[in-house]
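Numbering starts at 1 and runs along the sequence shown. Values in this document were obtained by computation on a predicted structure and should not be read as measured data.
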Amino acid sequence: MLFAAGFGTRMGALTQNCPKPLLKVAGKTLLDHALDLCKPEIVGKKVVNLHFLGDQIAQHLQGHDSAVSWEDTILETGGGLRAALPLLGASPVGPVVTLNTDAVWTGANPLAELSAAWDDSMDALLLLSPIAQAIGHQGSGDFLTDAAGHLQRANGAPGLVYLGAQIIRTDRLAEVEQAKFSLNLLWDQMIADGRAFGVLHHGGWCDVGHPAAIGLAERMLNG
């Protein structure tokens, strides 16, 4: 599941007429950078959710082996994933890989790292980085981990940054009453149950969340 429905408001004028996933970094759209990570040996069906300027993204995806999940209103990550479940496979849908489309990566394929570290004791496995290595990130860390990889919220302490890539089980989505909600709701439940884990990314990552980050990302990719 590739999240591409947001407004990209932090990008200012760059996203006035162009959806954020179609902004280019080093000559390639952010969406294509994300799609390149979705190797067939790692993921099966691919679904991209759309809302803001979605027609442009749908046209860009023509010829790609990806389904689209249209959202009449923004459903956030949890609602968006639940709405896309029928496109991801037969019910009930097993663990799903989700990937934000507003970052670029170097080093190991992040989805392969998640796949290698996943096991049945987990309800969610999030890819993380020390904050000092999270290029372009604005803010504090998100999570702490113990020796076994169990997640806890950082709650203002120096922590690890969530990089927008994870594997998550989908069964708890049906329990949420509201249509629009964040996956943070499920993460908190999974953390309380001791079934949310984190693993570190071995490589570089840049959050392309503001205009200046485009240059930062290009410098990272150019080594």
Side-chain angles (χ1 to χ4, degrees), residues 1-71 74 77 80-81 84 87-88 96-116 126-129 133-138 161-167 200-223:
M1 173 78 188
L2 293 96
F3 292 117
F7 292 99
T9 53
R10 289 187 298 157
M11 300 303 289
L14 293 178
T15 51
Q16 183 174 354
N17 298 303
C18 177
K20 184 178 179 181
L22 296 188
L23 295 178
K24 290 188 176 181
V25 173
K28 182 187 295 186
T29 69
L30 285 167
L31 180 57
D32 286 332
H33 279 287
L35 286 167
D36 284 349
L37 301 173
C38 300
K39 305 297 184 184
E41 64 270 20
I42 305 171
V43 299
K45 295 181 179 179
K46 298 187 293 293
V47 177
V48 182
N49 71 336
L50 308 179
H51 177 70
F52 176 66
L53 300 177
D55 288 338
Q56 292 185 38
I57 300 175
Q59 183 176 6
H60 184 83
L61 287 169
Q62 289 182 2
H64 288 77
D65 183 22
S66 302
V68 296
S69 178
W70 285 92
E71 297 181 10
I74 291 286
T77 51
L81 176 57
L87 297 170
L88 285 165
V96 171
V97 175
T98 78
L99 181 65
N100 294 351
T101 59
D102 57 357
V104 295
W105 306 73
T106 62
N109 184 309
L111 306 188
E113 290 178 303
L114 289 167
S115 179
L126 281 59
L127 201 58
L128 309 170
S129 173
Q133 299 174 26
I135 299 172
H137 177 72
Q138 297 178 326
V161 176
Y162 172 57
L163 302 185
Q166 67 169 330
I167 299 176
L200 292 178
H201 171 54
H202 293 90
W205 175 85
C206 184
D207 176 14
V208 188
H210 51 92
I214 294 177
L216 294 175
E218 290 177 337
R219 286 194 289 274
M220 182 191 77
L221 290 173
N222 291 330

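No donor-acceptor distance shorter than 3.5 angstrom exists from the side chain of His33 to the backbone of Thr101, with no hydrogens or angles considered. Proximity of a side-chain donor or acceptor of Glu218 to a complementary backbone N or O of Val25 within less than 3.5 Å is not detected. A donor-acceptor pair under 3.5 Å is formed between the side chain of Glu113 and the backbone N or O of His202. With hydrogens and angles ignored, the 3.5 Å screen pairs no side-chain donor or acceptor of Trp105 with any backbone N or O of Pro110. Checking side-chain atoms of Lys46 against main-chain N and O of Asp65 turns up a donor-acceptor pair under 3.5 Å.
Heavy atoms only, all atoms of each residue included: Ala213 and Asp207 are closest at CB-O, 3.3 Å. Closest approach of Asn109 and Leu37 over heavy atoms only: ND2-O, 3.1 Å. When every heavy atom of Asn49 is checked against every heavy atom of Ala4, the shortest pair comes out as OD1-N, 2.6 Å. For Leu111 against Ala165, the heavy-atom pair with the smallest separation is CD2-CB, 4.4 Å. Counting all heavy atoms, side chain and backbone alike, Val208 lies closest to Ala217 at CG2-CB, 4.0 Å. When every heavy atom of Ala26 is checked against every heavy atom of Leu221, the shortest pair comes out as CB-CD1, 4.0 Å.
Counting heavy atoms from C-beta outward, Leu14 and Ile214 have side chains that approach closer than 4.5 Å. Looking at heavy atoms from C-beta onward, Arg10 lies in side-chain contact with Gln138 at the 4.5 angstrom threshold. Two residues are said to be in side-chain contact when any heavy atoms from C-beta on lie closer than 4.5 Å; Val68 and Leu61 meet this criterion. Looking only at side-chain heavy atoms (C-beta outward), Cys18 and Leu23 come within less than 4.5 Å of each other. For the pair Met220 and Thr106, the minimum side-chain heavy-atom distance is below 4.5 Å. In this structure, the side chains of Cys38 and Leu2 come closer than 4.5 Å at one or more pairs of heavy atoms. Between Leu88 and Leu81 the shortest side-chain heavy-atom distance falls below 4.5 Å. Contact check for Thr98 versus Thr77: no side-chain heavy atoms found under the 4.5 Å cut-off.
Summarising the local packing, NE2 of His64 is surrounded by more than 12 heavy atoms from other residues, nucleotides or ligands at distances under 6.0 Å. Crowding of Gln59 atom CD: a count of heavy atoms from other residues, nucleotides or ligands under 6.0 Å not exceeding 12.
Evaluation of the ring-ring contact (aromatic ring centres under 6.0 Å, His included) rule for Tyr162 yields Trp187 as partners, not counting sequence neighbours. Applying the ring-ring contact (aromatic ring centres under 6.0 Å, His included) test to His51 and every residue at least two apart in sequence or in another chain returns Phe7.
Taking CH2 of Trp205 as the start and CG of Leu127 as the end, the distance is 10.0 Å to the nearest 0.5 Å. In this structure, CG in Leu114 is found 5.0 Å from CD1 in Ile167, a value given to the nearest 0.5 Å. Between the CD1 atom in Ile57 and the CH2 atom in Trp70 there is a gap of 8.0 Å [rounded to 0.5 Å]. Taking CG of Leu35 as the reference point, atom OG1 of Thr29 lies at 7.5 Å (rounded to 0.5 Å). Atoms NZ and CG, from Lys45 and Leu87 in turn, are 8.5 Å apart once rounded to the nearest 0.5 Å. Considering CD of Glu71 and CG of Leu50, their distance stands at 8.0 Å, rounded to 0.5 Å.
Note on residues 14-34: pairs passing salt bridge (charged side-chain N to carboxylate O under 4.0 Å, His left out), not counting sequence neighbours, are Lys20-Asp102, Lys28-Asp36.
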